[in-house]
Amino acid sequence: MGRYIGKRILTGALTVLAAIVLSFLLIHLAPGDPASILSGMDSPSPEMEEALRVKYGLDQPLLSQLWTYLKNLAQGDLGESISNSRPVAELIAERLGPTLLLSLTTAVLSLVLGTALGIYCARRAGSKLDAAMNGVSYLFDSMPGFWLGMMLILIFASSLKILPTAGMVDLRGGYTGFAHYMDVLKHLVLPGLTLTLISTPYFFRIARSSVIQVMSEDFITTLRATGMSESRIFNKYVFKNAILPTVTVFGITLAYIFTGVAVIEIVFSWPGMGSFMLKAIGNRDYPLLMGIYLILSISVAVCMIVVDVIYAFIDPRIRYS
Amino acid sequence: MGRTNVMKRALSAINGNIQLKIGTFLIALLVMVALLAPLLATHDPYVLGDELTAPPGAEHLLGTDGLGRDVYSMLVYGARTSLLIGVVAAVISGVIGTLLGGIAGFYRGSVDRTLTEVNNIFLIMPTFFLILLVVAMFGSSMLNVMLIIGLTSWVGNARLMRAQAMSLRERTFVLGAVAIGESKRQILFKHIIPNGIFPIVANTTMNISGAILTEASLSFLGLGDPNVISWGQIVFNGRSYLTSGWWISTFSGLTIVVTVLAFYMIGDGLNRVLSPKLRNNN
């Protein structure tokens with residue numbers, strides 16, 4: 001098992017390194033001078049250029065610049081935001097909370113919902129309900145998340161007026177304590193629902209196909225021949241074997257959810273990294289954009305490693321191989 | 001064995017599967033719309049009109065947007081952008097995936113190990129943000145958007161082709177080709193890739209959907225090509241008029257949904273027809 005975990009950590013580390021190298025190369029390959037990219041100006045002032053040259057060693061050979069870049073990153077220095085003139089790491093840290101709240105809530109909800117529905121349909125594979133659910137899963141898969149969010153705003157907020165359309169808290173409410181949490185929860189409903197609806201199909205299909213696959217294996221036929229009841233076969237043998245693939249892809253799916261979350265945040269003016277990112281795009285704030293990209297790559301890699309380690313512990317086939 | 005066989009299988013597949021029939025019909029329709037856009041459009045989609053956010057009616061079938069442009073005509077012209085971006089990006093990723101996967105699965109060894117690791121890295125990396133960074137820094141021309149989507153979405157194709165190559169290289173006709181002294185490169189391009197390409201064709205169809213959705217998201221972030229009309233941009237522009245002009249975003253979004261769904265139906269249909277295991281299970 002140590003070897004397996006070691007390999008996964010290596011992959012995670014390589015991913016993070018690849019993300020760093022890619023973002024570094026982008027600064028140098030993009031049209032225009034690296035100093036102008038890093039300062040966000042077409043022609044930075046001589047003082048600015050000098051400061052950047054010292055910090056990143058822009059006159060050094062490419063490889064030693066990469067080394068400086070890595071050293072800065074290792075110290076948690078993601079550079080300075082152009083539009084705010086504050087450290088990128090600090091700015092991101094401020095915005096991380098709401099994004100994590102939204103994406104983790106959604107991830108867990110869609111994992112549970114998708115898996116439950118997938119198992120339910122797999123046990124009725126070929127039925128009308130199964131076919132209908134399959135169709136629905138493709139339908140939601142085909143929707144741009146931001147569009148679905150806007151449609152939900154139209155229905156629930158503009159027409160029915162039962163849910164807030166924007167933000168995370170009611171600014172005029174000034175709630176504290178329990179009322180504050182309820183307020184956040186109310187604001188979480190629509191963005192959370194949007195993201196859950198577009199992420200659930202993925203888990204649904206994986207759970208469904210892995211249950212169908214396990215059910216068609218020989219040892220299940222043998223168990224049936226012994227006269228064991230279907231529900232017992234399912235609870236004791238199918239479920240455990242079929243649930244594992246869903247857990248494995250959870251780590252990878254987080255990457256997709258993080259991606260989806262940024263756009264959804266913009267639709268609902270959720271005060272997370274997404275709306276922040278939009279501003280960074282508008283301001284050509286490349287250090288900030290790159291910081292967001294790096295933080296996301298690292299978070300996803302860490303999530304994947306954690307999930308894989310848990311997986312190795314619960315699946316003996318990996319533990320003993 | 002060879003390309004003609006692949007075509008034959010594709011045609012018989014379309015005939016036997018309802019999902020494929022609907023999907024193919026919808027896409028054929030859409031291609032017609034894109035080709036005949038100047039004939040089908042009722043207004044010039046680039047011309048700003050006097051009637052701002054006019055609701056759907058006789059003059060403007062699907063209403064007008066905030067600048068008075070005819071939404072229906074914009075959607076008709078937008079089909080060109082979305083189809084072009086989707087198809088070109090998916091073909092780029094198909095070609096890269098087929099070549100890399102074929103090489104990895106056929107040659108094995110250290111080439112395979114390296115490619116598998118690159119594969120794993122791309123699988124975890126939040127590629128949408130990479131795409132976003134590149135488009136923000138290099139400019140949001142249609143060419144850039146197509147290229148970067150294609151260059152970041154080949155991983156699935158490579159995995160599929162690798163598996164195909166690994167199984168094909170043990171087959172008798174390939175071993176036969178080795179025995180009569182065909183070079184490895186010849187075998188790869190003459191036998192392995194033509195015979196193993198079908199899952200990649202199905203997956204590429206699905207990738208068109210993915211590329212269209214990615215383009216839409218980029219447009220929604222204001223990173224679409226400003227010189228062309230795209231469905232994502234219409235949704236984005238309609239956001240400011242969500243309550244006063246619901247039709248702008250609603251219809252453009254629906255167009256995206258139907259198109260993406262149609263490509264999924266074709267891809268999924270092809271997969272089902274070709275994999276007996278899936279066929280029995282469903």
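Given the structure is predicted, the values throughout are model-derived calculations rather than measurements. Each chain gets a letter, A, B and so on, in the order the sequences are listed, and its residues count up from 1.
Side-chain polar atoms of R239(B) and S249(B) form no donor-acceptor pair below 3.5 angstrom. Defined by atom type and a distance below 3.5 Å, a donor-acceptor pair is present between the side-chain atoms of E215(B) and S219(B). Between D268(B) and Y138(A), the side chains place a donor N or O and an acceptor N or O closer than 3.5 Å (distance only, hydrogens not considered). A donor and an acceptor atom, one from each side chain of N207(B) and S93(B), are located under 3.5 Å apart.
Proximity to chain B is limited to the side chain of A262(A), based on heavy atoms less than 4.5 angstrom apart. S209(B) does not touch chain A: none of its heavy atoms, backbone or side chain, sits under 4.5 Å away. In this structure, the portions of V267(A) lying under 4.5 Å from any heavy atom of chain B include both its backbone and its side chain. Of the two parts of I266(A), the backbone and the side chain both hold a non-hydrogen atom closer than 4.5 Å to a non-hydrogen atom of chain B. In this structure, chain B has heavy atoms under 4.5 Å from both the backbone and the side chain of L26(A). Heavy atoms closer than 4.5 Å to chain A are found in both the backbone and the side chain of L254(B). For M277(A), the part lying near chain B is the side chain, with the backbone staying farther off; criterion is any non-hydrogen pair under 4.5 Å. With a threshold of 4.5 angstrom between heavy atoms, M150(A) approaches chain B through its backbone and through its side chain. In this structure, chain B has heavy atoms under 4.5 Å from both the backbone and the side chain of L139(A). For L213(B), the part lying under 4.5 angstrom from a heavy atom of chain A is the side chain only.
With contacts defined as side-chain heavy-atom distances shorter than 4.5 Å, the pair S275(A)/R95(A) qualifies. Side-chain contact check for M133(A) versus F204(A): some heavy-atom pair is nearer than 4.5 Å. No side-chain heavy atom of L289(A) sits less than 4.5 Å from a side-chain heavy atom of D285(A).
Between chain B and the options L10(A), V263(A), L296(A), the largest number of non-hydrogen pairs under 4.5 Å is found for L296(A). Chain A forms more heavy-atom pairs under 4.5 Å with one residue of T259(B), V258(B), L130(B), V235(B) than with any other, namely L130(B). Between chain B and the options I292(A), L14(A), L148(A), I153(A), the largest number of non-hydrogen pairs under 4.5 Å is found for L14(A). Per-residue heavy-atom pair counts under 4.5 Å with chain B were compared for S297(A), G274(A), A301(A), A280(A), and the maximum is reached by S297(A). By number of non-hydrogen pairs under 4.5 angstrom with chain A, the leading residue of G210(B), S217(B), G139(B) is S217(B).
Checked against a 6.0 Å centroid threshold, the rings of F220(B) and F146(A) count as neighbours. Aromatic ring centres of W154(B) and F122(B): separated by under 6.0 Å.
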